[in-house]
Peer 1: 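This is the structure, below, for whatever I ask next.
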Amino acid sequence: MILVSSCLAGLAVRYDGTHCMNQKVCELIEGNKAIPVCPELLGGFPTPREPAEIIGGNGEDVLDGKAKVIEKSGRDVTELYINGAYSTLKKAKEVDATVVVLKESSPSCGSSMIHSGGFTGQKISGSGVTTSLLKRNGLRVLSEEQFADYLK
Ligand code: SF4
């Protein structure tokens with residue numbers, strides 16, 4: 001089974017109430033080969049919600065207690081992000097996921113890029129909190145772009 005970001009599956013769960021539907025991911029869902037998951041909703045957030053970014057590092061640093069996830073207005077939401085990551089890991093184990101396809105650049109789901117923490121649109125290399133935890137537990141995580149190459 002493949003676990004995929006819900007927003008890639010066309011579900012309007014992004015912070016601003018939108019989705020970023022990916023045709024290949026939708027085909028997996030329609031073929032019963034994938035299950036959608038949104039780490040931020042599993043962590044306890046509603047949709048819509050405030051944008052948040054990792055401040056002081058990347059998802060690895062958040063897991064190690066060296067960086068935080070902060071909403072634009074300043075609320076520390078680190079614990080909710082970590083809860084969402086662990087809930088996603090639990091789900092991945094339950095469905096025996098072999099591959100996980102997550103939305104690039106998100107503070108939860110990014111796999112090679114995340115926002116810089118300044119709420120300026122600038123990106124830096126690094127992975128999100130959920131991606132970092134899944135990788136630490138041996139799961140193969142791909143972005144939607146990497147997944148397109150993976151299918152070739
Ligand atoms: Fe949810 Fe991840 Fe999509 Fe953000 S990027 S809306 S956390 S599935």
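One is the number of the first residue; the rest follow in order along the sequence. Scope of the values below: all heavy atoms of this structure, side chains included, with no hydrogens, waters or symmetry mates. Indexing begins at 1, ligand by ligand and atom by atom, following the structure's order.
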Peer 1: Heavy atoms only: give me the nearest E40-P107 pair and the separation to one decimal.
Peer 2: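 Shortest heavy-atom contact: OE2-CG, 4.1 Å.
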Peer 1: For F119, I'd like to know if atom CZ has over 12 heavy atoms of other residues, nucleotides or ligands within 6.0 Å.
Peer 2: yes
Peer 1: Can you tell me if S116 and K123 form a side-chain donor-acceptor pair at under 3.5 Å?
Peer 2: no
Peer 1: Side chain, backbone, both or neither: which part of L41 comes within less than 4.0 Å of ligand 1 when only heavy atoms are counted?
Peer 2: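 Near ligand 1, L41 shows nothing, with every heavy atom at 4.0 Å or more.
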Peer 1: Show the atoms of ligand 1 that are less than 4.0 angstrom away from any heavy atom in S5.
Peer 2: 2 (Fe), 8 (S)
Peer 1: Report, in ascending order of atom number, the atoms of ligand 1 lying under 4.0 Å from any heavy atom of S106.
Peer 2: 4 (Fe), 5 (S)
Peer 1: Suppose I only count heavy atoms of C109 and a 4.0 Å limit; which atoms of ligand 1 are within that range?
Peer 2: 2 (Fe), 5 (S), 7 (S), 8 (S)
Peer 1: Which atoms of ligand 1 sit under 4.0 Å from any heavy atom of V13?
Peer 2: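 With V13 as reference, the close atoms of ligand 1 come out as 6 (S).
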Peer 1: Considering non-hydrogen atoms of the protein only, which is the closest contact for atom 1 (Fe) of ligand 1, and what is the distance?
Peer 2: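 For atom 1 (Fe) of ligand 1, the nearest protein heavy atom is C38 SG, 2.4 Å.
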Peer 1: Taking the six-membered ring where the residue is Trp, are the ring centres of F45 and Y81 under 6.0 Å apart?
Peer 2: yes
Peer 1: Heavy-atom contacts under 4.0 Å between K103 and ligand 1: side chain, backbone, both, or neither?
Peer 2: side chain
Peer 1: Do any N/O/S atoms of C7 come under 2.8 Å of atom 2 (Fe) of ligand 1?
Peer 2: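 C7 does not place any N, O or S atom closer than 2.8 Å to atom 2 (Fe) of ligand 1.
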Peer 1: Any heavy-atom pair between the side chains of R75 and V69 that's under 4.5 Å?
Peer 2: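 No, too far: nothing below the 4.5 Å cut-off.
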Peer 1: Which of the atoms of ligand 1 are close to S6, meaning less than 4.0 Å from one of its heavy atoms?
Peer 2: 8 (S)
Peer 1: Evaluate whether atom CD of E50 has more than 12 neighbouring non-hydrogen atoms of other residues, nucleotides or ligands under 6.0 angstrom away.
Peer 2: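 More than 12 heavy atoms, drawn from other residues, nucleotides or ligands, come within 6.0 Å of this atom.
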Peer 1: Mark up the atoms of ligand 1 that fall under 4.0 Å of a heavy atom belonging to V37, in ascending order.
Peer 2: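 Heavy-atom distances to V37 below 4.0 Å select 8 (S).
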Peer 1: What residue pairs, at least two apart or across chains, pass salt bridge (Lys or Arg N to Asp or Glu O under 4.0 Å) with a residue in residues 124-149?
Peer 2: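 For residues 124-149: E60-R136, D64-R136, K103-E144, D149-K152.
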Peer 1: Within the 3.5 Å criterion, strictly below it, is a donor on S132 or S127 matched to an acceptor on the partner's side chain?
Peer 2: yes
Peer 1: I need the contact type for R49 against ligand 1. Using non-hydrogen atoms and a strict under-4.0 Å cut-off, is it side chain, backbone, both or neither?
Peer 2: side chain
